[in-house]
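Predicted model only: the values in this text are computed from it and were never measured.
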Amino acid sequence: MPGSTKVVDSWAIIAWVKDEAAAPIVEIFLQDADSGKIELLMSWINVAEAFYILAKRNSPIVADQFLARLPSLPIRVVLPDEEGIMAAARIKASHPIAFGDAFAISLAQSERASVITGDDEIRRCALVPVDWIGS
């Protein structure tokens, strides 16, 4: 049984894929999940967001490589249902955050999880605990 559940947001996975400053911290979370110490979740909406950002900022090849590698990562990817989608919509309607961030928060709320992020919008809205990996 994992010790805790954490949601990986787009910011964190992009930092890891691009080997940015926060990548070593994300790698520790991935290792902890691989060893069963924690459970990592990610919304398919955040997967799609990471994909398009990688494709636009880097290249479609980098985005495709991320998507191909995703099944081997110790992350359970969750497809939002109607309730999850509307929860994200309510969060977006009441807080100045990106819609993708609202899905990460919504998933974290439904799973009683924290969000691994360096995105200050998520931290500022203070709706869920945050594992801060930003500078």
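- Pairing each heavy atom of Ala12 with each of Val26, the nearest pair is O-CG2, 3.6 Å.
- Considering every non-hydrogen atom in both Phe29 and Asp131, the closest pair reads CZ-CB, 3.9 Å.
- The side-chain heavy atoms of Ile116 and Trp132, taken from C-beta on, include no pair separated by under 4.5 Å.
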Point to revise | Derivation and outcome, side-chain contact (heavy atoms from CB on, under 4.5 Å), residues Val78 and Ser43 | key: CA-CA 5 Å; Val78 178; Ser43 169; 5.6 Å; no
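- Hydrophobic clustering keeps Leu107 apart from Ile38 (ILVMFWY residues linked when any side-chain heavy atoms are closer than 4.5 Å, directly or through intermediates).
- Taking the side chain as every heavy atom from C-beta outward, Ile133 and Trp11 approach each other to under 4.5 Å.
- Side chain of Ser10 to backbone of Asn46: a donor-acceptor contact under 3.5 angstrom is found.
- Looking only at distances, no side-chain donor or acceptor of Asp9 sits under 3.5 Å from a matching main-chain atom of Asp101.
- Looking at Asp32 and Ile28, their side chains come closer than 4.5 Å, going by heavy atoms from C-beta outward.
- When each of Leu41, Val8, Leu70 is tested with Val77 by the rule side chain to side chain contact (heavy atoms under 4.5 Å, CB included), just one qualifies, namely Leu70.
- Using a 4.5 Å heavy-atom cutoff, the side chains of Pro80 and Ile45 are in contact.
- Between the side chain of Ser59 and the backbone N or O of Ala55, no donor-acceptor pair lies under 3.5 Å.
- One distance of note links CZ of Phe103 with CD of Glu49; it measures 10.0 Å at 0.5 Å rounding.
- Between atom CD1 of residue Ile97 and atom CZ of residue Arg124 there is a gap of 10.0 Å, rounded to the nearest 0.5 Å.
- Linking Ile, Leu, Val, Met, Phe, Trp and Tyr residues whenever their side-chain heavy atoms come within less than 4.5 Å places Phe66 and Val62 in a single cluster.
- The backbone N or O of Ala98 sits less than 3.5 Å from a side-chain atom of Glu121, completing a donor-acceptor pair.
- Ala23 approaches Ala15 most closely through the heavy-atom pair CB-O, 3.6 Å.
- In terms of hydrophobic clustering, with Ile, Leu, Val, Met, Phe, Trp and Tyr side chains grouped at heavy-atom distances under 4.5 Å, Leu79 and Ile91 are assigned to different clusters.
- Using a 4.0 Å cut-off between charged side-chain N and carboxylate O, Lys6 and Glu39 make no salt bridge.
- The distance from the CG atom of Asp19 to the CD1 atom of Ile14 is 14.0 Å, given to the nearest 0.5 Å.
- Residues Ile75 and Val47 fail the side-chain proximity criterion, which asks for heavy atoms closer than 4.5 Å.
- Between Thr117 and Arg123 there is no side-chain heavy-atom pair separated by less than 4.5 Å.
- The nearest pair of heavy atoms linking Ala108 to Val115 is CB-CG2, 3.6 Å.
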Exercise for review: Determine, step by step, whether Val7 and Glu111 satisfy the side-chain contact (heavy atoms from CB on, under 4.5 Å) criterion, reporting the C-alpha distance in whole Å, the side-chain angles of both residues, the deciding distance to 0.1 Å, and the verdict.
Suggested key: CA-CA 9 Å; Val7 172; Glu111 297 288 332; 5.5 Å; no
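- Counting all heavy atoms, side chain and backbone alike, Cys125 lies closest to Ile105 at SG-CD1, 3.5 Å.
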Practice item. Evaluate the criterion side-chain contact (heavy atoms from CB on, under 4.5 Å) for residue pair Leu30 and Asp34; output intermediate values, then yes/no. Key: CA-CA 6 Å; Leu30 290 168; Asp34 200 40; over 6 Å; no
Exercise for review: Using the side-chain contact (heavy atoms from CB on, under 4.5 Å) rule, take Leu54 and Lys18 through it: C-alpha gap first, then chi angles, then the decisive distance, then the call.
Suggested key: CA-CA 9 Å; Leu54 289 166; Lys18 293 175 60 180; 3.8 Å; yes
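- Taken to the nearest 0.5 Å, the OG atom of Ser106 stands 8.5 Å off from the CD atom of Glu83.
- The hydrophobic clustering, which links ILVMFWY residues whose side-chain heavy atoms are closer than 4.5 Å, places Val17 and Trp44 together.
- Of the inter-residue distances, the one linking Ile13 atom CD1 with Met42 atom CE reads 5.0 Å to the nearest 0.5 angstrom.
- A heavy-atom distance below 4.5 Å is not found between the side chains of Trp16 and Ile25.
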